[in-house]
> 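Shown below is the structure under consideration.
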Amino acid sequence: MRNVFVYTFSILYALVVIVCLAVYWVFKSQISAEFGVVFVIIMVVALPITYLLLRGSLLRERNRPESKMHEEFRTEILTNGYTEKSLGLADQVISEVKSGKKVNYVYLKDFVMYSADYQNQLKNYDKALELLNLPDAKDVRDRSIRFIDRGISLLLYLNVRMDAVCGLRDAAEAQSIKNEAHEQFGNETADPYITMLEMIDFEYQLLHEQYDAAKETVGRMLANTSPFAKEYSGKYYAAAQLCMRLNKPEEAEEYMQKAWEQVKDKSAALQQTYHMARTRFGMDEQAV
């Protein structure tokens, strides 16, 4: 959110400066001060003007019904996970969109992606893909959104979509997603980009039963020492999933125990993800 505020403030500040300069240009014959002095004054005065404009805009946005619902949804799902409340809010918005209502993609992406991820966890891959197809492809790849969040929402979308199409064993679509992900983010050298790309590759490798390559991918994720990777439980889920594919349930259990140690003192949402992963991989619940 800090990046979004900084980007928005910077753009708005530049516009305010441009407008002030345009006004100065119109009335410059009536202003005796030198341009340099006027320019400095404009740069300083533009700061509080920009702040007030942005604050007013944020207040108006927060008072919109879809904004309030989105904030309620985010709070619930990040705190308690997939609950009757969070799923109900998502279903309400998704039903409205299906009926023709326009919902800003900034909000819609969260309702869609979290709901699709939930369906993936239940192995309802066709339902997940249906949800992911709901937003317009142009909105998913909108440059202004990518500028604001540095492409994270697109990369997360591709991850959830890859999970769904691999579940449906759609090799052609999986190849397309992998190509797009690497084309768009292959030059990134930091997390979360690296880890998210590894997960896309991992899903692709499982689909094609490229288990040696999958082992190498998991190995890189486990060896990654970035702050993001250290907190990312998904690497343990990937390792456990691979072990179950290779009929190594004891090793899978070891990785799931590592995952539990990481999430046991955290939010209910992260603990729910752990239990859903066990079910998805066909692992019995263990005393934790």
Side-chain angles (χ1 to χ4, degrees), residues 113 116-126 128-129 132 152 154-263 270 273-284 286:
M113 282 194 283
D117 179 65
Y118 176 69
Q119 295 299 333
N120 280 337
Q121 299 307 314
L122 299 179
K123 297 186 179 182
N124 296 330
Y125 302 117
D126 52 345
L129 196 57
L132 293 167
I152 293 299
L154 173 58
L155 187 52
L156 289 173
Y157 174 88
L158 293 175
N159 265 268
V160 178
R161 190 174 184 89
M162 177 64 95
D163 200 358
V165 301
C166 285
L168 293 171
R169 305 198 63 78
D170 187 339
E173 179 66 8
Q175 183 69 61
S176 177
I177 294 171
K178 181 183 177 184
N179 291 345
E180 180 178 4
H182 281 274
E183 179 182 343
Q184 297 296 329
F185 304 102
N187 293 327
E188 296 288 348
T189 58
D191 269 325
Y193 304 97
I194 293 175
T195 297
M196 294 297 98
L197 283 174
E198 296 278 28
M199 285 301 299
I200 285 176
D201 290 344
F202 175 74
E203 292 284 354
Y204 180 87
Q205 290 154 1
L206 283 191
L207 172 64
H208 292 282
E209 299 182 357
Q210 299 171 353
Y211 297 130
D212 288 339
K215 287 179 183 178
E216 293 179 3
T217 300
V218 168
R220 286 193 297 271
M221 286 193 285
L222 293 172
N224 191 335
T225 57
S226 75
F228 174 86
K230 286 180 179 179
E231 297 297 320
Y232 182 62
S233 304
K235 61 179 180 282
Y236 296 125
Y237 301 141
Q241 185 178 10
L242 178 60
C243 287
M244 291 299 290
R245 283 284 193 96
L246 298 176
N247 195 28
K248 298 179 178 180
E250 295 83 5
E251 291 185 27
E253 186 59 47
E254 291 177 6
Y255 285 117
M256 292 304 288
Q257 286 303 312
K258 290 180 180 180
W260 177 249
E261 288 300 315
Q262 196 168 54
V263 304
L270 290 176
T273 299
Y274 168 86
H275 293 296
M276 293 181 75
R278 293 193 70 96
T279 300
R280 186 180 182 185
F281 302 156
M283 303 175 68
D284 294 333
Q286 299 289 319

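Throughout, residue positions are numbered sequentially from 1 according to the sequence presented.
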> State, with a plain yes or no, whether a side-chain heavy atom of I194 is found less than 4.5 Å away from one of E188.
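Side-chain contact under 4.5 Å: no.
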
> Can you tell me how far apart CG (L197) and CG (L158) are? Round to the nearest 0.5 Å.
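So the CG of L197 and the CG of L158 are separated by 9.0 Å.
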
> Using modelled atom types and a 3.5 Å cut-off, is there a donor and acceptor pairing between side-chain atoms of K123 and backbone atoms of R280?
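At least one qualifying donor-acceptor pair exists.
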
> Checking the side chain of Q262 only, and the main-chain atoms of K230 only, is there a donor and an acceptor separated by less than 3.5 Å?
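A pair under 3.5 Å: yes.
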
> Validate the cation-pi geometry between K258 and Y236: distance from NZ or CZ to the six-membered ring centre under 6.0 Å, angle to the ring axis within 45°.
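Because its charged atom misses either the 6.0 Å distance or the 45° angle limit, K258 does not stack over Y236.
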
> If I compare all heavy atoms of A174 with all of M162, which pair ends up nearest, and what's the gap?
O-CE, 3.2 Å

> Would you compute the distance between atom OG1 of T195 and atom CG of N224 and round it to the nearest 0.5 angstrom?
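Interatomic distance, T195 OG1 to N224 CG, rounded to 0.5 Å: 4.5 Å.
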
> Please tell me if the side chains of T273 and V263 come closer than 4.5 Å, counting only heavy atoms from C-beta onward.
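A side-chain contact is absent here, since even the closest heavy-atom pair is not under 4.5 Å.
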
> Look at the aromatic rings of F185 and Y193 and report parallel, tilted or perpendicular, splitting at 30° and 60°.
parallel

> Please round to the nearest 0.5 Å and tell me the distance separating atom CG of L154 and atom CD of E180.
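Those atoms lie 5.5 Å apart.
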
> Can a salt bridge be assigned to the pair E198 and K235 using a cut-off of 4.0 Å between side-chain N and carboxylate O?
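So E198 does not pair with K235 through a salt bridge.
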
> Could you state the interatomic distance from CD (Q210) to CG (D201), rounded to the nearest 0.5 Å?
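Atom-to-atom, Q210:CD and D201:CG are 10.0 Å apart.
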
> Quick check against the 3.5 Å criterion: does R245 have a side-chain atom that pairs as donor or acceptor with the backbone of L206?
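Yes, because the side chain of R245 sits within donor-acceptor range (under 3.5 Å) of the backbone of L206.
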
> Give a yes or no on whether the backbone of L207 and the side-chain of R169 come within a donor-acceptor separation of less than 3.5 Å.
yes

> Are N247 and P249 side-chain neighbours, meaning at least one heavy-atom pair lies under 4.5 Å?
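When only atoms from C-beta onward are counted, P249 and N247 do touch, with a gap below 4.5 Å.
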
> Ignoring hydrogens and geometry, is there a side-chain-to-backbone donor-acceptor pair from Y255 to A238 under 3.5 Å?
no

> Between E261 and Q257, is there a side-chain donor-acceptor contact under 3.5 Å, judged purely by atom types and distance?
no

> Within the structure provided, determine whether L242 and F202 are in side-chain contact (heavy-atom separation under 4.5 Å).
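Yes; the side chains approach each other to less than 4.5 Å.
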
> What's the shortest heavy-atom distance between E203 and C166, and which atoms?
O-SG, 3.5 Å

> Going by the angle between their ring planes, with limits at 30° and 60°, are F228 and Y232 parallel, tilted or perpendicular?
parallel

> With rounding to the nearest 0.5 angstrom, report the CZ to CE distance, R278 to M276.
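Going from CZ on R278 over to CE on M276, the span is 14.5 Å.
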
> Looking at H275, is its backbone amide N or carbonyl O close enough to the side chain of T279 to form a donor-acceptor pair, meaning the two atoms are under 3.5 Å apart?
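Yes, the answer is positive, given that a donor and an acceptor are paired below the 3.5 Å cut-off.
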
> Considering all heavy atoms of both residues, which atom of D191 and which atom of S226 are nearest to each other, and what is their separation?
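What the structure gives for the nearest pair is OD2-OG, 2.5 Å.
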
> Provide the closest heavy-atom pair for G282 versus M244 in the form atom of the first, atom of the second, distance.
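Residues G282 and M244, closest heavy atoms: O-CE, 4.1 Å.
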
> Could you pull out the closest heavy-atom pair between A116 and V160, with the gap in Å?
CB-CG1, 3.8 Å

> For D163 and D117, indicate whether the former's side chain and the latter's backbone hold a donor-acceptor pair under 3.5 Å.
no

> With a 4.5 Å heavy-atom cut-off, do Y118 and L122 have their side chains touching?
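Side chain of Y118 against side chain of L122, heavy atoms only: contact under 4.5 Å found.
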
> Between OG1 of T217 and CZ of R220, what distance do you get to the nearest 0.5 Å?
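CZ of R220 is found 4.5 Å from OG1 of T217.
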
